[in-house]
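First comes the structure, then the notes that go with it.
By convention here, the first residue in the shown sequence is residue 1. Just so we're clear, the structure is a prediction, and the values are computed from it rather than from any experiment.
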Amino acid sequence: QVQLVESGGGSVQAGGSLRLSCTASARTFSDVAMGWFRQAPGKEREFVAVIGGSGRVINYADSVKGQFTISRDNAKKAMYLQMNSLKFEDTAVYYCAASFFGTHQFKVGEPEYWGQGTQVTVSS
């Protein structure tokens with residue numbers, strides 16, 4: 001069982017930045033692929049970014065490439081999402097997720113573990 005706790009959400013004006021964090025309770029954190037999804041009001045949950053256990057494999061949704069940066073610190077059992085140049089359409093609940101079965105699980109939307117979500121609101 002892996003417990004995930006997100007932090008760092010909040011309200012920001014368009015053009016601003018936020019950094020989301022996710023800490024995990026996994027015993028062997030480096031075995032776990034970690035990533036982010038988001039769900040905007042009235043829309044389906046969508047993949048945002050994923051990072052493999054060693055940090056070498058990283059994938060982004062096309063909508064956030066060049067704008068968001070995912071990273072992890074295995075010593076701290078933490079993952080981060082740096083979000084820059086935020087736009088109104090980035091407003092959503094952001095969910096941290098984890099999978100022992102690799103980054104592919106994120107592309108099909110099926111990581112095993114999910115956090116509770118953190119709200120990001122961007123005002124125009």
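Looking at Asn74, its side chain never comes within 3.5 Å of a backbone N or O of Phe29 through a donor-acceptor pair. Using modelled atom types, no side-chain atom of Gln39 and backbone atom of Glu44 make a donor-acceptor pair closer than 3.5 Å. A donor-acceptor contact shorter than 3.5 Å links the side chain of Glu6 to the backbone of Gly117. Although no hydrogens or angles enter the test, the distance criterion places no donor-acceptor pair under 3.5 Å between the side chain of Gln82 and the main chain of Arg19. Looking at Thr23, its side chain never comes within 3.5 Å of a backbone N or O of Ala78 through a donor-acceptor pair.
For the atom pair CH2 (Trp36) and OH (Tyr80), the distance works out to 10.5 Å, reported to the nearest 0.5 Å. The distance from atom CG of Asn59 to atom CZ of Phe47, rounded to the nearest 0.5 Å, is 6.0 Å. Between the CD atom of Glu110 and the CZ atom of Phe101 there is a distance of 11.5 Å, given to the nearest 0.5 Å. Taken from CZ in Arg38 to OG1 in Thr118, the straight-line distance is 14.0 Å, to the nearest 0.5 Å. Once rounded to the nearest 0.5 Å, the distance linking OG of Ser123 with CZ of Phe88 reads 9.0 Å. The CG atom of Asp31 sits 10.5 Å away from the OG atom of Ser54 when rounded to the nearest 0.5 Å.
In terms of hydrophobic clustering, with Ile, Leu, Val, Met, Phe, Trp and Tyr side chains grouped at heavy-atom distances under 4.5 Å, Tyr113 and Tyr94 are assigned to a common cluster. Taking hydrophobic clusters as Ile, Leu, Val, Met, Phe, Trp and Tyr residues chained together by side-chain heavy-atom distances below 4.5 Å, Val32 shares a cluster with Ile51.
Between Trp114 and Phe37, the angle of the ring planes lies from 30° to 60°, which puts this pair in the tilted group.
Closest non-hydrogen pair, Ala26 versus Phe100, comes out as CB-CZ, 4.5 Å. Of all non-hydrogen atoms in Ala33 and Gly102, the two that sit nearest each other are CB-C, 3.7 Å. Phe68 approaches Asn84 most closely through the heavy-atom pair CD1-N, 4.2 Å. Residues Val48 and Val64 share a closest heavy-atom pair of O-CG2, 3.5 Å. Of all the heavy atoms in Cys96 and Met34, the pair that sits closest is SG-CE, 3.7 Å. Shown here for Leu4 and Ala24, the closest heavy-atom pair between the two residues is CD2-CB, 3.6 Å.
The side chain to side chain contact (heavy atoms under 4.5 Å, CB included) check on Val93 picks up Tyr95, Gln119, with sequence neighbours excluded.
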Worked verdict on Gln67 versus Met83 for side-chain contact (heavy atoms from CB on, under 4.5 Å): CA-CA 6 Å; Gln67 183 189 0; Met83 306 185 294; over 6 Å; no
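We find that Asp90 and Lys87 are not joined by a salt bridge, their nearest charged nitrogen and carboxylate oxygen being 4.0 Å or further apart.
More than 12 non-hydrogen atoms from other residues, nucleotides or ligands lie less than 6.0 angstrom from CD of Glu112.
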